[in-house]
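Every chain is numbered from 1, with letters handed out A, B, ... down the list of sequences. Just the heavy atoms: all of them, side chains too, but no hydrogens, waters or symmetry mates, feed the values below. These figures come from a predicted structure and were not determined experimentally.
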2 protein chains.
Amino acid sequence: MTRAKGTSMSLTHSDGCDTAGFPAYENSCSVDDGAGRAIRDVLDRVGDKWSLLLIATLRGDRLRFSELLKHIPGISQRMLTLTLRQLERDGLISRTVYAEVPPRVEYELTELGGTLIPMARTIGDWALANHPAIEEARAEYDARP
Amino acid sequence: MTRAKGTSMSLTHSDGCDTAGFPAYENSCSVDDGAGRAIRDVLDRVGDKWSLLLIATLRGDRLRFSELLKHIPGISQRMLTLTLRQLERDGLISRTVYAEVPPRVEYELTELGGTLIPMARTIGDWALANHPAIEEARAEYDARP
DNA sequence: CTGGATCCCACTGGATACTG
DNA sequence: CAGTATCCAGTGGGATCCAG
């Protein structure tokens, strides 16, 4: 995981708008400046239904379209295509077309895309560790007047 | 992001149970057992438009409704209410009502909610570190035939 | 001040059929 | 095989008005 060093923090504030947890978000610094936009962008990408799952599936592998379809249960052909295009556009995965018959296209993580793996791991770890507590909280919330 | 209903979400590869970046999954290929649901749940919560931002804003603070409205530029009253309810239901934030006139309600992170901060930090760090690369990749992608 | 109730639209994403 | 094109339902989320 690459850490954002001090460089990013100096982007936004001259007014004591420090944000140890989430740079540029606390104390109502503008959301539309660089830092806020960066986070929103990443959340928009990673937060959608299939992107992170796709990243995780491609980890260390080089898979073709039909393989991805099989390895990701529930995804439609359309969403696989769209998600792959998005990720390719963002430079997170690479697409290689082989001029063969029948056609063959392989996808793999770029170096940049690979750096997402630790993030996926962090999210996965948190989910596994705390999901029981969340479910319990939900049950309690739903059961009370 | 919508909840995955009947759709399964195993992170498996063709043969065997590769965990594809979600470590603790080593031996659970099925999906409705906690693991897949846990990750999907967390992504559904963290991936939506305002939750993580709200968590970050509440970090170490105890804020009332109107303060949150001001500190989170762009959020609507409705979405603030809805997001707060969701997070409260999941036991991530606590809601304290003071019987005063005018009414006062304060929100703060629960202990469980506080454990999300490192995750937010990881995402934020990644975003700040790699957003330039993503923007560059997009520009290049859009500029090519 | 807090936040519920409504209306409404844009967008996400699923199913299906078609093509190079 | 690897998509593209079309249609369509559900819903996320903004604006607004109303209430305790």
side-chain contact (heavy atoms from CB on, under 4.5 Å) partners for Arg89(A), two or more places apart: Arg138(B), Tyr141(B), Asp142(B)
Whole angstrom is fine here: how far is it from CZ in Arg40(A) over to P in dG12(D)? 15 Å
Of dG14(D), dG3(C), dG14(C), the nucleotide closest to the side chain of Tyr107(B) is dG3(C)
How would you list, by chain and number, every residue that makes a salt bridge (Lys or Arg N to Asp or Glu O under 4.0 Å) with Glu135(A), sequence neighbours excluded? Arg37(B)
side-chain contact (heavy atoms from CB on, under 4.5 Å) against Val97(A), all qualifying residues, sequence neighbours excluded: Arg95(A), Val105(A)
Given atom CZ of Arg104(B) and atom P of dG3(C), what is their separation to the nearest angstrom? 13 Å
Among residues 77-98 of chain A, which contact DNA chain C at a heavy-atom distance under 4.0 Å? Gln77(A), Arg78(A), Met79(A)
So does Ser76(B) get a side-chain nitrogen or oxygen closer than 4.0 Å to the phosphate oxygens (OP1/OP2) of dG13(D)? no
Going by side-chain hydrogen bond (donor to acceptor under 3.5 Å, both in side chains), name the residues that satisfy it together with Ser51(A), two or more places apart in sequence or in a different chain. Asp48(A)
When rounded to whole Å, the CD1 to C1' distance for the pair Ile75(A) and dG3(D) reads 14 Å
Compare the minimum distances between each of dC1(C), dC1(D), dA2(D) and the side chain of Pro102(A), then state the nucleotide with the smallest one. dC1(D)
If you check the Trp50(B) side chain, which of dG13(C), dC1(D), dG14(D) turns out closest? dG14(D)
Is any side-chain nitrogen or oxygen of Arg64(A) closer than 4.0 Å to OP1 or OP2 of dC1(D)? no
Connected via hydrophobic side-chain network under 4.5 Å: Leu58(A) and Tyr98(A): no
Apply side-chain contact (heavy atoms from CB on, under 4.5 Å) to Thr115(B) and list each qualifying residue two or more places apart in sequence or on a separate chain. Trp126(A), Asn130(A), Leu112(B)
Could you check if a side-chain atom of Gln77(A) sits within less than 4.5 angstrom of a side-chain atom of Phe65(A), using non-hydrogen atoms only? yes
From CG of Leu69(A) across to C1' of dA15(C) the rounded distance in Å is 14 Å
Give me the one residue out of Leu63(A), Thr83(A), Leu53(A) that meets side chain to side chain contact (heavy atoms under 4.5 Å, CB included) with Ile72(A). Leu53(A)
Which pairs pass salt bridge (Lys or Arg N to Asp or Glu O under 4.0 Å) with one or both residues in residues 107-120 of chain B, sequence neighbours excluded? Arg62(B)-Glu108(B)
Rounded to 10°, tell me the angle between the two end axes of the helix from dC1(C)-dG20(D) to dG20(C)-dC1(D), each built from five pairs. 40°
Please write out each protein N/O paired with an N/O of nucleotides 9-11 of chain C under 3.5 Å, distance rounded to 0.1 Å.
none

Please list all pairs meeting salt bridge (Lys or Arg N to Asp or Glu O under 4.0 Å) that have one or both residues in residues 70-86 of chain A, counting only residues at least two apart or in different chains. none
Protein-nucleotide distance (Ile72(A), atom CD1; dG14(C), atom C1'), rounded to Å: 16 Å
Residue set satisfying side-chain hydrogen bond (donor to acceptor under 3.5 Å, both in side chains) with Arg104(A), at least two apart, ordered chain then number -> Glu100(A), Glu106(A)
5'-most contact on DNA chain C (nearest-nucleotide basis), Phe65(B) vs Pro103(A), goes to Phe65(B)
